[in-house]
Amino acid sequence: MALVPFDDRDGMIWWNGALRPWRDAKLHVLSHGLHYGSAVFEGERAYGGNIFKLREHSERLKNSAKLLGYEVPYTVAEIDEACKTTLQANGLTDAYIRPIAWRGSEQLAVSAKLTTINLAVAVWAWPNLFGNDRMKGVRLGHAAWKRPHPETAPTASKAAGLYMIGTMSKHQAEDQGFDDALMLDWRGHVSEATGANIFFVMDGELHTPTPDCFLDGITRRTVMSIARRHQMKVVERTIMPEEMANASEVFLAGTAAEVTPVRQIGDLHFSPGPITERLLRDYEALVMMSPEKVASLAA
Ligand code: PMP
């Protein structure tokens, strides 16, 4: 399927409080967000008309901005409404939702205290990050870039600037014929893929790296609670790259990736297995439930 450029589509985009035609949702080239990486964003999915864990995403957006030193000028409830309004305005029930906040063009320098903060929300159909036939599994190469120390970057923020090394790592992996890249952190510990967290099944237990320098994903936390409901032991810990050979199953978890089995990491091969499939199916069932039911299960 040919890619339709994102600026050549029809629809409505929510922009600072009102809906505007998709094609008119343009910003000035001298925007601080573009030059100095001051944007923060979210990635959400709607299933059957409900945005999964919307409140958590809106809260994370506010918090990502705070970590970059600014306040998104809308409440969490207003951001929730903006996402729902945009979904409806585009006539979609199953879609990817992208809220983004950025510093505007009033001032263009490292110091940006006079900029206003903008918020836009776009939605589009995006079936799955890695395509169909999910149980086949994806192949990860090794990234040359490392997730930075939390004192060198605001690693808990879903900040646009942190995706610079993600894009470079993903491009390198794709050039080598892989689907995505496994990133280590600054210490050489296993961290995550370029846009999703990673899990390993080891001796029937679920192991995942401690998120101390990368995003503690909403899908990651959801999968952990599903596994605990199945009485599986869930272990968050430091995972060294050489331990990955001990895993019987490996999978990624993220809003865009959902639960996606991994069949290869560099020279290591894995078979997508029953534990991954169970968690994948349970995740698929959970996202279809009403927000009230999802909240009651999380409590
Ligand atoms: N890590 C990175 C780098 C991501 O971009 C994402 C996707 N937002 C995740 C992890 C997973 O986060 P979530 O489950 O909240 O989508």
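Counting starts at 1 for both ligands and their atoms, following the listed order. Computed from a predicted model, the values in this text were never measured in an experiment. These values consider heavy atoms only, across backbone and side chains, with no hydrogens, waters or symmetry-generated copies.
With sequence neighbours excluded, no residue forms a side chain to side chain donor-acceptor pair (under 3.5 Å) with Glu59.
Think of Leu34 as one node in a network of Ile, Leu, Val, Met, Phe, Trp and Tyr side chains linked at under 4.5 Å; its network also takes in Val29, Leu30, Tyr36, Leu108, Val110.
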Write out each pair where an N or O from ligand 1 and one from the protein are under 3.5 Å apart, with the distance.
{"from": "ligand 1", "atom 1": "1 (N)", "to": "Glu192", "atom 2": "OE1", "distance (Å)": "2.5"}
{"from": "ligand 1", "atom 1": "5 (O)", "to": "Lys158", "atom 2": "NZ", "distance (Å)": "3.3"}
{"from": "ligand 1", "atom 1": "5 (O)", "to": "Tyr163", "atom 2": "OH", "distance (Å)": "2.4"}
{"from": "ligand 1", "atom 1": "8 (N)", "to": "Lys158", "atom 2": "NZ", "distance (Å)": "2.8"}
{"from": "ligand 1", "atom 1": "14 (O)", "to": "Ile218", "atom 2": "N", "distance (Å)": "3.3"}
{"from": "ligand 1", "atom 1": "14 (O)", "to": "Thr219", "atom 2": "N", "distance (Å)": "2.8"}
{"from": "ligand 1", "atom 1": "14 (O)", "to": "Thr219", "atom 2": "OG1", "distance (Å)": "2.6"}
{"from": "ligand 1", "atom 1": "15 (O)", "to": "Arg60", "atom 2": "NH1", "distance (Å)": "2.8"}
{"from": "ligand 1", "atom 1": "15 (O)", "to": "Arg60", "atom 2": "NH2", "distance (Å)": "3.0"}
{"from": "ligand 1", "atom 1": "15 (O)", "to": "Ile218", "atom 2": "N", "distance (Å)": "2.8"}
{"from": "ligand 1", "atom 1": "16 (O)", "to": "Thr255", "atom 2": "N", "distance (Å)": "3.0"}
{"from": "ligand 1", "atom 1": "16 (O)", "to": "Thr255", "atom 2": "OG1", "distance (Å)": "2.6"}

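Within the structure, every pair that satisfies the salt bridge (charged side-chain N to carboxylate O under 4.0 Å, His left out) test and touches residues 211-227, not counting sequence neighbours, is listed here: Arg187-Asp212, Asp216-Arg220, Asp216-Arg221, Arg220-Glu236.
Of the charged side-chain nitrogens involved, none lies within less than 4.0 Å of a carboxylate oxygen, so that Arg278 and Glu249 do not count as a salt-bridged pair.
Classified by interplanar angle (parallel below 30°, tilted 30° to 60°, perpendicular above 60°), the ring pair Phe52/Tyr283 is perpendicular.
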Taking it one step at a time, do Ser38 and Arg103 satisfy side-chain hydrogen bond (donor to acceptor under 3.5 Å, both in side chains)? CA-CA 6 Å; Ser38 56; Arg103 286 189 185 275; 4.6 Å; no
